[in-house]
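Note that the structure is predicted; figures quoted are calculated from it, not measured. Residue indices begin at 1 and follow the sequence shown. Just follow the structure's listing: the first ligand is 1, and inside any ligand the first atom is 1.
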Amino acid sequence: MRVLSVVGARPQFVKLAPIAAAMAGRAEHIVVHTGQHYDELMSDVFFRDLGMPQPDVNLAIGSGAHGKQTGAMLAELEPVIERYQPDWVLVYGDTNSTLAAAVASVKLHVPLAHLEAGLRSFNRRMPEEHNRVLTDHAADLLLAPTEVAMQHLAHEGLADRSVLVGDVMTDVLYSVRDSVVARGAVTDPGAGYIATIHRPDNTDDPERLAAIVDALAGLDRPVRLLAHPRLVAAAEAARVDLQRGAIELAAPLAYPDLVAAVMGSAGVVTDSGGLQKEAFLLRVPTTTVRPETEWVETVELGWNVLVGSDLAALPAAVQRPRPPETDAAPYGDGHAAGRVVDVLAQRAANRG
Ligand code: UD1
């Protein structure tokens, strides 16, 4: 079986790691990087730290408006998919790279599998929501991370294309957590908070951005703000000072360093999808600066509190007492990637 994975943005490199490992010896795995993320800290460090081979193809598309970026990827992906003629194109999550590869595959009648299918925020303002809905409806095989995702797919009439495999981010997180602990990289639990903010709804409205930064600056412990390039650019444009009060401004971290930093923190403040769930899996309380989340289990279990329009509620949410412990495992057992390869191989074999 030949599988062509298309990735492009930071969270997709994390998801690729366990898939690439599970493919080894079982499939010919071609990795195409669209180049949506290109900085060393947004891309290269993930391939290095997570033990992945370099991508077979890098399209080096770079940044741009949605249509321009997605369209450029679509045009460049077409000849690559034609050249490799894979049994599957495998796409990950909900970025513009995901959508471009989905459209390229269906136009070429190449079977398309979507990993992390069925997540919904029901917020049509988010580019990720369009990307994931359109990709799910285009795909031939929907690999869902959770029961809730399976229910969303069923409601949209997609049950017969859907399989519950678990969450591959659990696979990679558990293995990185174990290696971080083994080398003693976790420091001083509870010293401060870890924060990341990068969603357009938070960064691109100067008033909201200033209010979020004010709230972070006023927290009761040091806040290490790991600044995504979008945040830095938006703050500069809006003349919002990111380095003040409790905030310690820092560059994004490599994945093992992020895991160590979260484990050694008193709490996480974020608008990232992945980080909400990683913090829950590490049992670190999280406050999500969004009106809704795709990872509803983290909220239901008490480990994640949402702060949407009322930013005055942020300090009390972040400084809340630790929630009751839980051994719930809504994101699987850390062996999802093996299941993904099983399902792809089985379906490809059935096709003859
Ligand atoms: C993208 C995804 C988002 C995901 C996020 C993870 C879409 C629509 N959004 O958002 O779902 O959560 O990645 O980080 O696909 N930039 C750099 N260097 C880089 C990459 C980006 O400086 O390596 C800057 C550029 O100014 C760029 C901006 O960041 O315009 C935004 O990058 P882009 O890839 O468009 O979207 P993200 O905000 O990263």
Check [Y] with [X], please: is the shortest side-chain N to carboxylate O separation under 4.0 Å?
| X | Y | answer |
| --- | --- | --- |
| Asp333 | Arg339 | yes |
| Asp140 | Arg351 | no |
| Arg244 | Asp214 | yes |

Among all protein heavy atoms, pick out the one at the shortest distance from [atom]; state its residue, atom name and that distance to 0.1 Å.
| atom | result |
| --- | --- |
| atom 25 (C) of ligand 1 | Ser63 OG, 3.3 Å |
| atom 8 (C) of ligand 1 | Asn96 OD1, 3.4 Å |
| atom 11 (O) of ligand 1 | Glu128 OE2, 2.6 Å |
| atom 32 (O) of ligand 1 | His37 NE2, 4.3 Å |
| atom 16 (N) of ligand 1 | Tyr38 OH, 3.5 Å |
| atom 5 (C) of ligand 1 | His198 NE2, 3.7 Å |
| atom 18 (N) of ligand 1 | Asp39 OD2, 2.9 Å |
| atom 34 (O) of ligand 1 | Gln36 NE2, 3.0 Å |

Relative to the heavy atoms of [X], which atoms of ligand 1 are at a distance of less than 4.0 Å?
| X | value |
| --- | --- |
| His66 | 8 (C) |
| Met42 | 19 (C), 23 (O) |
| His228 | 14 (O), 29 (O), 37 (P), 38 (O), 39 (O) |
| Pro229 | 16 (N), 17 (C), 18 (N), 22 (O), 24 (C) |

Counting neighbours of [atom1] on [X] that are heavy atoms of other residues, nucleotides or ligands and sit closer than 6.0 Å, is the number greater than 12?
| X | atom1 | value |
| --- | --- | --- |
| Glu325 | CD | yes |
| Arg239 | CZ | no |
| Arg83 | CZ | yes |

N or O pair under 3.5 Å between Ser97 and ligand 1:
no
Closest non-hydrogen atom pair between Leu249 and Ala227, with its separation:
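That would be CD1-CB, 3.9 Å.
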Between ligand 1 and Pro11, can you find any atom pair, the residue atom being a heavy atom, that is separated by under 4.0 Å?
yes
Asp271 (side chain) donor-acceptor with Arg199 (main chain) under 3.5 angstrom
yes
Any side-chain to backbone donor/acceptor pair from Asn96 onto Thr70? Under 3.5 Å, distance only.
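It does not hold such a pair.
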With Arg283 as the cation and Phe280 as the aromatic partner, state whether NZ or CZ is under 6.0 Å from the six-membered ring centre and within 45° of the axis.
yes
Answer side chain, backbone, both or neither: which part of Arg230 comes under 4.0 Å from ligand 1, heavy atoms only.
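The answer is both.
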